[in-house]
Amino acid sequence: MNKYRTHTCGELSKKLKNKEVSLSGWINKKRDHGNLLFIDLRDNYGITQCVVEKNNENFNNLEKLPLETVINIKGEVVERSKETINSEIKTGEIEIKINSFIILGKTKELPMPVFSEQEYSEEIRLKYRFLDLRRNKIHQNIILRSKVISFIRSEMEKLGFLEFQTPILTSSSPEGARDFLVPSRLNPGKFYALPQAPQQFKQLIMVSGFDKYFQIAPCFRDEDARADRSPGEFYQLDLEMSFVEQEDIFNVVEKLMVKLFNNFSKNKILNEVFPKIKYSEAMLKYGTDKPDLRNPLIIKDVTEIFTRDDVTFEIFKKLVKAGSSVRAIVTKQTKDKPRSFFDNIDNWAKEQGSSGLAYFTIEKNKDIQGKGPIGKFFNNDSIKCIMNITSAEVGDTVFLSCGKISEIEKILSLAREKIANDLNLIEKNKFAFCWIVDYPMFEKDEETNKIKFSHNPFSMPQGDLNNIDFTKPLDLKAYQYDIVCNGIELSSGAIRNHIPELMYKLFEIAGYDKNIVNEKFSGMINALSYGAPPHGGIAPGIDRIVMLLAEEKNIREVTMFPMNQNAQDLMMNAPSEVSSEQLKELNLSIKKK
RNA sequence: GGGGGUGUAGCUCAGUUGGUUAGAGCACGUGCCUGUCACGCACGGGGUCGAGGGUUCGAGUCCCUUCACUCCCGCCA
């Protein structure tokens with residue numbers, strides 16, 4: 001017999017009544033009646049109530065144990081009387097009558113309670129993560145994460161994918177996020193980089209003829225944190241397939257996501273065939289390439305209204321003349337909302353750094369008229385024209401933003417979310433997936449005015465490969481796609497460019513000459529020159545998938561040992577200083593400030 | 001790099017217009033209590049009010065600086 005336990009704290013029932021058992025776990029909670037003491041013993045599997053009476057020789061010692069002490073108890077399984085059954089817990093029909101106990105792990109005074117549903121400061125949670133992780137909600141989140149990953153592995157294997165590991169120490173690449181660098185001892189002055197994704201390796205795996213690859217891959221990017229973005233490291237379901245077109249990738253991922261989300265959540269998937277939205281359409285209708293489709297609000301372009309003579313809103317008219325655009329969000333039947341509702345939104349928009357949101361409500365007496373701060377600038381005809389474009393009706397409110405397209409896209413995208421939340425328009429408990437497709441190959445850098453890759457430089461441009469018009473690079477579309485759920489970008493992927501000449505040409509447009517490409521992407525460009533199959537893939541973010549399934553708003557809630565916003569591990573004290581010997585070996589010196 | 005929020009007991013928080021000795025719940029300690037499951041009751045210990053400076057007869061409260069955590073912008077092929 002194992003000296004620590006015969007059973008776990010989650011499995012005992014009436015079937016074992018009157019049996020002698022041994023349990024080990026943490027003291028979750030004590031209820032001390034003076035002559036009768038209840039101890040809730042907790043382990044990974046559940047909670048079992050243990051009871052001891054005054055006449056037992058262990059009573060006084062057990063009474064003194066602080067919460068979270070780890071003990072082993074030996075005792076008898078007793079069926080509870082009807083009135084004392086606790087239906088909240090799995091083992092609620094029995095309790096253990098304690099005969100003896102041993103302390104296995106003492107505890108100091110707790111910096112944070114384990115038995116409590118209160119929220120605690122992030123600082124204390126991260127410093128004492130091992131205590132935080134004992135708490136039920138996050139404990140279950142981490143278990144869910146484990147199950148999700150197993151599920152994905154088994155599904156991928158069923159689909160014929162092979163799992164491979166790729167190097168963690170690799171080379172820095174000029175595109176993309178900041179790299180984490182690792183100095184090389186054997187090669188003084190040179191550095192490895194941690195992979196931002198196994199991008200080149202997975203393509204090399206295809207060139208090596210393995211056909212279908214996947215990996216639960218760690219990715220490292222030295223960028224600032226957000227609620228849905230861990231600083232430093234995160235995990236992707238990285239996958240790549242040979243001899244495929246875009247639709248083949250969609251098929252695999254769509255089916256996997258539907259199976260996964262149906263298996264791990266009760267929330268309904270709104271469209272099991274995910275809608276495909278062109279990038280340009282997404283930017284127009286939602287102002288972002290990661291729209292939350294649960295949100296019914298749609299943005300419309302109404303710039304033309306402000307070229308009409310009968311519209312007298314001179315501020316916007318002047319801006320439009322100078323090249324600005326105007327776009328609108330319409331809220332249904334909001335004419336009776338108090339003034340404060342509208343002003344609130346306008347003020348909020350100003351706080352976001354925009355010039356605010358102009359608005360008027362459509363009313364009808366004899367004629368149709370606009371009511372509200374800017375209502376008077378529009379007459380019956382011009383309002384009808386706006387109603388026509390935006391599908392607005394009498395009683396609706398029109399919010400307007402005017403400015404450079406990139407600016408109004410940004411503010412209206414945020415306003416869509418803000419207004420929908422204020423009006424409670426977002427269907428909770430639903431998953432709304434979509435594909436965003438037809439990304440542009442290039443975009444203009446707003447600061448330098450230079451042309452750069454808009455996403456992945458390894459993507460295949462669309463069109464007849466023998467006859468691509470490179471004279472208008474900004475018009476080039478790529479076989480590049482994102483998958484989005486509830487406004488969260490889950491992953492992006494692409495059909496890759498496997499033709500070296502074409503790759504050189506595209507890099508040239510982005511300002512990298514052949515020599516740089518040969519140097520920076522030597523492994524890949526070389527491989528593509530020796531018979532590369534057409535291939536493509538995608539890499540859904542594991543952390544964000546689990547976050548959606550666990551219905552958490554913050555990625556730390558599904559990450560076992562996360563870093564804080566400043567990329568520090570408060571529990572392990574990372575990053576930390578290193579000895580001068582270590583620095584010397586690496587040929588490094590620290591610049592004093 | 002920039003903007004917002006928060007910071008008071010081990011933990012979660014309250015603290016009015018600047019005014020006596022800074023409070024509550026949980027945790028901890030002591031005592032009472034034989035059926036609780038957020039057990040109950042009584043008593044007790046515990047505070048650099050994030051730090052520094054200023055205004056004032058008087059600062060947890062007002063002003064300035066700064067630090068920490070967090071959310072957002074930038075950044076994230």
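Values reported hereafter were calculated over all heavy atoms of this structure, with side chains retained and with hydrogens, waters and symmetry mates removed. Fair warning: this is a prediction, and the values are worked out from it, not measured in the lab.
For a distance-only test at 3.5 Å, the side chain of Arg80(A) qualifies as a donor-acceptor partner of the base of U36(B). Side chain Gln49(A) to base U36(B): a donor-acceptor pair is found below 3.5 Å. Put simply, the side chain of Arg125(A) and the base of C11(B) share no donor and acceptor less than 3.5 Å apart. For Arg229(A) against C76(B), a side-chain-to-base donor-acceptor contact under 3.5 Å is present.
Under the 30°/60° scheme for interplanar angles, the aromatic rings of Phe458(A) and Phe507(A) are found to be tilted. The aromatic rings of Phe453(A) and Tyr512(A) lie parallel to each other, with less than 30° between the two planes, well short of the 60° mark.
Residue Glu83(A) contributes atom CD, which lies 9 Å from atom P of U36(B) at whole-angstrom precision. Rounded to whole angstrom, the span from the CD atom of Gln565(A) across to the C1' atom of G1(B) amounts to 14 Å. The interatomic distance linking Asp40(A) (CG) with C39(B) (P) rounds to 8 Å, in whole Å. Spacing between atom CG of Asp289(A) and atom P of C76(B) amounts to 13 Å, rounded to whole angstrom units. The interatomic distance linking Lys64(A) (NZ) with A27(B) (P) rounds to 19 Å, in whole Å. Taking atom CD of residue Glu223(A) and atom P of nucleotide G1(B), one finds them 14 Å apart after rounding to whole Å. The distance from atom CD of Glu119(A) to atom P of U12(B) is 11 Å, rounded to the nearest whole Å. Between Ile85(A) atom CD1 and U36(B) atom P there is a gap of 13 Å when expressed in whole angstrom units.
Among the protein residues, Phe115(A) comes within range of the sugar-phosphate backbone only, with heavy atoms under 4.0 Å from sugar or phosphate atoms but none that close to a base. Pro111(A) comes within 4.0 angstrom of sugar-phosphate atoms only, judged by non-hydrogen atoms across all strands, and of no base. Residue contacts for Ile124(A): at a heavy-atom cut-off of 4.0 Å it reaches the sugar-phosphate backbone alone, with no base atom in range. At the heavy-atom level, Asp222(A) lies nowhere under 4.0 Å from the strands shown.
Checked against G74(B), U70(B), C76(B), the side chain of Lys410(A) finds its nearest nucleotide in G74(B). Of the listed nucleotides (C33(B), U12(B), U36(B)), U12(B) has the atom at the smallest distance from the side chain of Ser121(A). With distances taken from any side-chain atom of Glu109(A) to the nucleotides G35(B), C76(B), C28(B), the minimum falls on C28(B). Among U70(B), U36(B), C75(B), the nucleotide with an atom closest to any side-chain atom of Phe38(A) is U36(B). In this structure, the nucleotide among U70(B), U36(B), C69(B) sitting nearest to the side chain of Asn566(A) is C69(B). Ranking U12(B), G35(B), C69(B) by closeness to the Gln568(A) side chain, first place goes to C69(B). Relative to the side chain of Asn554(A), the nucleotides C76(B), C11(B), U70(B) differ in distance, and U70(B) lies closest.
At the phosphate of C11(B), neither OP1 nor OP2 sits under 4.0 Å from any side-chain N or O atom of Gln118(A). Between Lys29(A) and C39(B), a side-chain N or O to OP1/OP2 separation shorter than 4.0 Å is present. Residue Arg31(A) places at least one side-chain N or O closer than 4.0 Å to OP1 or OP2 of C39(B). The side chain of Asn28(A) places no N or O atom within less than 4.0 Å of a non-bridging phosphate oxygen (OP1 or OP2) of C37(B). Taking only side-chain nitrogens and oxygens, Arg226(A) comes nearer than 4.0 Å to OP1 or OP2 of C73(B). When the side-chain nitrogen and oxygen atoms of Arg556(A) are compared with OP1 and OP2 of C71(B), one or more of them lie within a distance under 4.0 Å.
With both pairing distances under 3.5 Å, C41(B) is matched to G31(B) as a Watson-Crick or G-U wobble pair. Nucleotide G25(B) forms a pair with C11(B), judged by Watson-Crick or G-U wobble geometry with both contacts under 3.5 Å. Checking A59(B) for Watson-Crick or G-U wobble geometry (two distances, each under 3.5 Å) identifies no partner in any strand. In this structure, C69(B) and G5(B) make a Watson-Crick or G-U wobble pair, each of the two defining distances being under 3.5 angstrom.
At least one donor-acceptor pair closer than 3.5 Å links the side chain of Arg221(A) to the backbone N or O of Gln196(A).
Stacking is found between His33(A) and the pyrimidine-like six-membered ring of the C39(B) base under the 5.5 Å centre-distance and 30° plane-angle cut-offs.
Using a 4.5 Å cut-off on side-chain heavy atoms (C-beta onward), Arg496(A) and Met206(A) make no contact.
Judged by a 6.0 Å distance limit and a 45° cone about the ring axis, Lys514(A) is positioned over the six-membered ring of Tyr504(A).
Between Lys290(A) and Glu122(A), the residue anchored closer to the 5' end of RNA chain B is Glu122(A), taking for each the nucleotide with the nearest heavy atom.
Counted by atom type alone, Tyr286(A) and Asn295(A) present zero donor-acceptor pairs between their side chains at under 3.5 Å.
One C1' atom belongs to G18(B), the other to G54(B), and the distance between them is 15 Å to the nearest Å.
With rounding to the nearest 0.5 angstrom, the CG atom of Leu194(A) is 9.0 Å from the CD atom of Glu233(A).
Look at Glu63(A) and Lys30(A) and you find no salt bridge, because none of the NZ, NE, NH1 or NH2 atoms lies under 4.0 Å from a carboxylate O.
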